[in-house]
Amino acid sequence: MQTKILPQGILLSEIKDFDLKKTLDCGQCFRFYQNNDGSWHGVAGNRPLTLYQTNDGIMFKNITKEEFNAFWRIYFDLDRDYEAICRAFPDSVYMRKSARFSSGMRVLRQDAWETLISFIISQNNNIPRIKGIIDRLCRNFGQQCGGDFGFPSPTVLAELDEQDLGILRCGWRSAYILDAARRVSAGEINLKEIAKMPIDDARKALQKIKGVGPKVAECVLLYGMGRYEAFPLDVWMKRAMSELFPGLEPKSFGEYAGIAQQYIFHFSRCNPDCFTKC
DNA sequence: CGCCAGGCTTCTA
DNA sequence: TAGAAGCATGGC
């Protein structure tokens with residue numbers, strides 16, 4: 001991996017396994033959108049970013065090398081060798097198909113709070129609407145940063161009530177958002193502590209929040225706490241496990257099971273005919 | 001228009 | 001303690 005400082009920003013080259021579309025459009029984050037010119041724009045926390053793929057590599061527009069190294073390099077998990085991780089996955093036809101189909105996708109290291117709220121919103125919902133609700137959440141209650149809006153803090157949301165959240169049009173999820181905000185804001189739930197706990201303790205701690213069950217907790221651990229052994233099982237993954245990986249369980253996929261999960265999720269969503277028709 | 005969405009809580013047997 | 005109903009909203 002090499003970085004070059006150019007007038008437009010930081011150009012990242014000689015990087016293996018980094019595909020922007022697969023990474024930003026696979027249902028792990030909800031704040032990035034593709035522009036008409038093919039570039040991507042989004043916000044993580046309070047940091048906006050525009051980036052695009054060129055013949056020479058990936059351009060991170062208008063940022064300093066310091067910001068790249070201190071934040072985006074970690075966010076995009078650029079120091080991990082995905083090829084080596086793939087070699088350690090179980091020897092299975094559908095594992096190989098999933099890894100090949102999804103190659104270039106990286107599992108992001110997002111903020112735990114933002115991930116918690118995002119996946120509370122995601123339940124029994126579809127991705128376009130999830131993105132819309134999160135956009136309204138940030139526009140109405142987030143801090144303005146340039147032309148964008150950051151993700152609102154727990155303390156800001158904890159002061160609101162269900163009427164205030166009506167503007168989100170997120171239905172019954174607003175009670176869950178408020179419960180999470182109040183507990184985190186009060187220190188009753190400490191996300192930094194939870195991130196370091198043994199994983200079963202962390203799961204239990206997260207599920208104390210209203211509206212957080214096994215699936216949402218697993219997503220927070222994987223996408224928001226860098227716990228790569230976490231393995232979210234949604235309806236698609238449950239089906240994939242029983243039909244494509246009979247006899248295997250999350251643990252069978254090892255230390256980086258979460259990456260395997262993301263590959264399999266993407267593969268099976270894009271190829272629903274891989275399941276036996278009945 | 002009707003079905004369904006990266007589930008969870010609550011109710012019922 | 002397992003299984004199903006109910007949940008608000010809108011994308012397709």
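Reminder, nothing fancy here: chain letters follow the sequence lines and each chain counts from 1.
Considering only side-chain atoms of A:Asn124, the nucleotide from B:dC8, B:dG6, C:dA8 that sits closest is C:dA8. Comparing B:dC8, C:dA8, B:dG6 by their closest approach to the side chain of A:Pro232 singles out B:dG6. Among C:dT9, B:dC8, B:dG6, the nucleotide with an atom closest to any side-chain atom of A:Arg129 is C:dT9. In the set B:dA5, C:dA8, B:dG7, the nucleotide with an atom closest to the side chain of A:Asn126 is B:dA5.
For the OP1/OP2 pair of C:dG10 and a distance below 4.0 Å, the side-chain nitrogens and oxygens of A:Arg169 include at least one atom meeting the criterion. Proximity of A:Arg269 to the phosphate of B:dG6: a side-chain N or O atom is located under 4.0 Å from OP1 or OP2.
One P atom belongs to C:dG3, the other to B:dG6, and the distance between them is 24 Å to the nearest Å. Rounded to the nearest Å, the gap between the P atom of C:dG10 and that of B:dC8 is 22 Å.
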List the steps and the verdict of salt bridge (Lys or Arg N to Asp or Glu O under 4.0 Å) for A:Glu188 and A:Lys208. CA-CA 10 Å; A:Glu188 183 191 334; A:Lys208 286 185 183 149; over 6 Å; no
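Because its NZ or CZ atom is both nearer than 6.0 Å to the ring centre of A:Tyr228 and within 45° of the ring axis, A:Arg80 counts as a cation-pi partner of that residue. For the pair A:Arg239 and A:Phe275, the cation sits on the ring face: its NZ or CZ lies under 6.0 Å from the ring centre, inside 45° of the axis.
Residue A:Phe119 is classed as having no contact, given no heavy-atom separation below 4.0 Å to the nucleic acid. A:Gln262 comes within 4.0 angstrom of a base, heavy atoms only. Residue-level contact check: A:Gln261 touches the bases, meaning some heavy atom is under 4.0 Å from a base atom. In this structure, A:Gly211 reaches the sugar-phosphate backbone alone: every heavy-atom distance under 4.0 Å involves primed, P, OP1 or OP2 atoms, never a base. Using a 4.0 Å heavy-atom cutoff across all strands shown, A:Pro128 reaches sugar-phosphate atoms only and no base atom. At a threshold of 4.0 angstrom between heavy atoms, the contacts of A:Tyr223 include nucleobase atoms, whether or not backbone atoms are also involved.
Using a cutoff of 4.0 Å between basic side-chain nitrogens and carboxylate oxygens, A:Lys204 and A:Asp200 are not scored as salt-bridged. For A:Asp148 and A:Arg47, the salt-bridge test fails: no basic side-chain N is under 4.0 Å from an acidic carboxylate O.
Nucleotide B:dC8 holds its C1' atom 13 Å from the CG atom of A:Asp179, rounded to whole Å. In this structure, CD1 of A:Ile121 is placed 16 Å from C1' of C:dC7, rounded to the nearest angstrom. Between the NZ atom of A:Lys238 and the C1' atom of B:dC8 there is a distance of 11 Å, given to the nearest Å. The interatomic distance linking A:Asn125 (CG) with B:dC3 (P) rounds to 19 Å, in whole Å. We find that CH2 of A:Trp236 is positioned 11 Å from P of B:dG7, with the value rounded to whole Å. Taking atom CD1 of A:Ile120 as the reference point, atom P of B:dT9 lies 10 Å away to the nearest angstrom. If you measure from atom NZ of A:Lys210 to atom C1' of B:dG7, you get 17 Å, rounded to the nearest angstrom. Atoms CD1 (A:Ile133) and P (B:dG7) sit 13 Å apart, rounded to a whole Å.
Within 3.5 Å, no donor on the side chain of A:Glu218 pairs with an acceptor on the base of B:dG7, nor the reverse. Side chain A:Tyr176 to base B:dG7: no donor-acceptor pair is found below 3.5 Å.
The aromatic rings of A:Tyr94 and A:Phe267 lie tilted to each other, with the angle between the two planes from 30° to 60°.
Taking for each of A:Ile209 and A:Ile130 the nucleotide of DNA chain B with the nearest heavy atom, the 5'-most of the two is the partner of A:Ile130.
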